[in-house]
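Okay, so here's the structure we're looking at.
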There are 2 protein chains.
Amino acid sequence: MHPYAELISGTLLFEGLADGHVNELLGIAVEKAYEKNEMIFMEGDRASGLYVSTDGMIKIYKLSQEGKEQILHIFGPGEPFGEVPVFSGGTFPAHAEAIVKSRALFFPRDALVGLITGNPAIALNMLAVMSMRLRRFTVQIENLTLKEVPGRLAAYLLMLASEQNNNKVVRLNISKAHLAGFLGTIPETLSRMLARMANLNLIHVAGREIKLLDMDGLSALAESGKIVDL
Amino acid sequence: MHPYAELISGTLLFEGLADGHVNELLGIAVEKAYEKNEMIFMEGDRASGLYVSTDGMIKIYKLSQEGKEQILHIFGPGEPFGEVPVFSGGTFPAHAEAIVKSRALFFPRDALVGLITGNPAIALNMLAVMSMRLRRFTVQIENLTLKEVPGRLAAYLLMLASEQNNNKVVRLNISKAHLAGFLGTIPETLSRMLARMANLNLIHVAGREIKLLDMDGLSALAESGKIVDL
DNA sequence: CGTATGGATTGACTTAAGTCAACGACAACG
DNA sequence: CGTTGTCGTTGACTTAAGTCAATCCATACG
């Protein structure tokens with residue numbers, strides 16, 4: 001059995017696919033490995049298939065002329081990326097880079113289109129994945145334009161907590177510089193906001209461990225987007 | 001023949017669908033009409049199908065606590081909206097409101113899922129539509145976070161020009177207040193930026209008619225996101 | 001024909017967050 | 001054990017864009 005059969009058949013994208021199909025699919029997949037900070041593809045590159053991360057962590061991001069980066073997604077094992085050009089043609093809309101040593105499977109476009117054509121369940125899975133992406137983008141745009149940095153940060157921390165069993169102590173799985181890039185700000189500002197929120201006894205910060213002290217306060221901040229007091 | 005058969009079979013979403021299917025689909029569609037400023041659905045509403053605009057103009061938007069609005073899309077005839085919950089379940093991710101007297105067809109979820117299941121071409125069309133939405137969102141996030149207001153405005157004007165036969169005189173099809181909402185700013189700021197760009201002889205503004213005087217300058221501004229002077 | 005009404009503009013002021021630069025902490029490594 | 005580099009923090013300053021308020025303009029309307 002293929003080493004990634006279990007991972008692949010457990011992903012949202014390929015779930016419900018018969019074992020035969022999974023093995024067939026894995027037969028045509030190309031395994032790729034990337035060092036930390038290695039580019040996987042660049043915005044504008046011609047695309048010929050999609051990737052599924054199997055190991056490590058991948059950032060998808062845009063870069064401004066001046067070099068500021070806006071992170072769109074950070075993907076871990078099991079998550080597909082680079083799927084947009086498979087269906088709308090053309091080129092990748094953003095850059096992809098491994099932020100730690102990573103591995104991914106690459107699936108050529110034609111095999112996927114064939115699979116989807118013959119397999120309505122996979123088509124619906126793919127539509128579900130893309131719908132969730134769209135949903136997350138609307139939230140991200142909302143956060144970026146309708147909330148200030150402390151509001152975005154509070155919303156992020158609450159999201160992390162809900163992902164991590166609603167534990168009161170969350171652990172950042174990325175560097176603070178990357179978090180700043182995801183929140184649409186810069187490390188200096190993030191640092192100041194963490195300090196302010198600690199002053200207000202909303203949180204307690206120890207490296208990448210952040211203790212959420214006042215869930216109601218954080219929720220209010222995440223909702224209103226405005227910090228109540230200094 | 002159904003009055004909207006031509007419009008529907010010409011949309012990206014349903015193109016390539018056999019006439020029989022189109023008529024069947026139109027048989028189950030519900031026609032809806034909306035006055036100017038009437039809500040079509042609200043963020044958080046339980047969804048049971050998607051809409052295709054047939055007439056008028058629809059804005060899809062988010063609202064902040066303080067009432068500021070961020071417009072995500074403005075859709076005209078032939079464009080589907082409200083499709084996200086059809087595939088990922090749950091509720092609408094944003095509000096939809098008619099900005100002029102409008103009409104739309106509503107397609108119940110089950111009929112669509114059935115159609116897609118039995119019709120791979122439609123599945124691929126839907127995937128193409130959603131891919132393009134994702135692509136546009138990445139551009140929108142890039143503009144909102146990596147460019148300043150003049151850069152976003154220049155990019156918008158150039159996009160309008162390319163949509164309108166590359167004419168040097170573009171016509172805004174929405175109010176300046178709505179444009180501000182789409183660009184992630186407020187009418188006052190938009191007004192000032194138009195004035196600044198006019199001062200720099202980049203454009204000439206006469207109501208909703210905007211003459212693009214310096215395409216290279218506008219491109220530079222749209223790229224860099226920074227206004228060169230004044 | 002005067003007057004509401006919504007859209008747009010302008011001015012004075014405030015503020016969130018970016019820039020630039022220095023410094024601190026900590027781990028990895030020779 | 002000091003050196004080097006990465007990551008994070010802090011301070012002083014600048015700036016883009018938001019707020020609030022007044023005004024303007026055009027069109028619609030009684």
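Letters A, B, ... are given to chains in the order of the sequence lines, protein chains preceding strands, and every chain is numbered from 1.
Dashed line: the shortest gap from a side-chain N or O of A:Ser175 to OP1 or OP2 of D:dT6 is not under 4.0 Å. Between D:dG18 and B:Thr189, a contact under 4.0 Å exists linking OP1 or OP2 to a side-chain N or O. For B:Lys176, a side-chain nitrogen or oxygen approaches OP1 or OP2 of C:dT9 to under 4.0 Å.
Ranking D:dA16, D:dG8, C:dT10 by closeness to the B:Glu188 side chain, first place goes to C:dT10. Counting only heavy atoms from C-beta on, A:Ser191 has its side chain closest to D:dT9 among D:dT9, C:dT9, C:dA17.
Summarising the geometry, atom CD1 belonging to A:Ile40 is positioned 11.0 Å from atom NZ belonging to A:Lys59; distances are rounded to the nearest 0.5 Å.
Note on ring orientation: taking the six-membered ring where Trp is involved, the planes of A:Phe75 and A:Phe81 are parallel (angle under 30°, cut-offs 30° and 60°).
In this entry the distance linking CG of A:Leu194 with C1' of D:dT9 reads 11 Å, nearest Å. If you measure from atom NE2 of A:His178 to atom P of D:dG8, you get 10 Å, rounded to the nearest angstrom. Rounded to an integer number of Å, the gap from A:Leu179 CG to D:dT9 C1' is 15 Å. Atom-to-atom, CG of A:Leu190 to P of D:dC7 comes out at 14 Å; the value is rounded to the nearest Å. Between the CG atom of B:Leu146 and the P atom of C:dG18 there is a distance of 11 Å, rounded to whole Å. When rounded to the nearest whole Å, the span between NZ of B:Lys147 and P of D:dA17 equals 13 Å. Computed from coordinates, the B:Lys36 NZ to C:dG7 P distance equals 6 Å when rounded to whole Å. Whole-Å rounding puts the A:Met193 CE to D:dG8 C1' distance at 16 Å.
In this structure, a donor-acceptor pair under 3.5 Å is absent between the side chains of B:Gln70 and B:Tyr61.
For the pair A:Pro85 and B:Arg135, the tightest heavy-atom approach, listed with the atom from each and the gap, is CA-NH2, 3.9 Å.
Summary of the strand contacts: A:Ile186 and B:Arg192 both lie near DNA chain C, and taking for each the nucleotide with the nearest heavy atom, the more 5' one is attributed to B:Arg192.
A donor-acceptor distance shorter than 3.5 angstrom exists from the side chain of B:Ser131 to the backbone of B:Leu127, with no hydrogens or angles considered.
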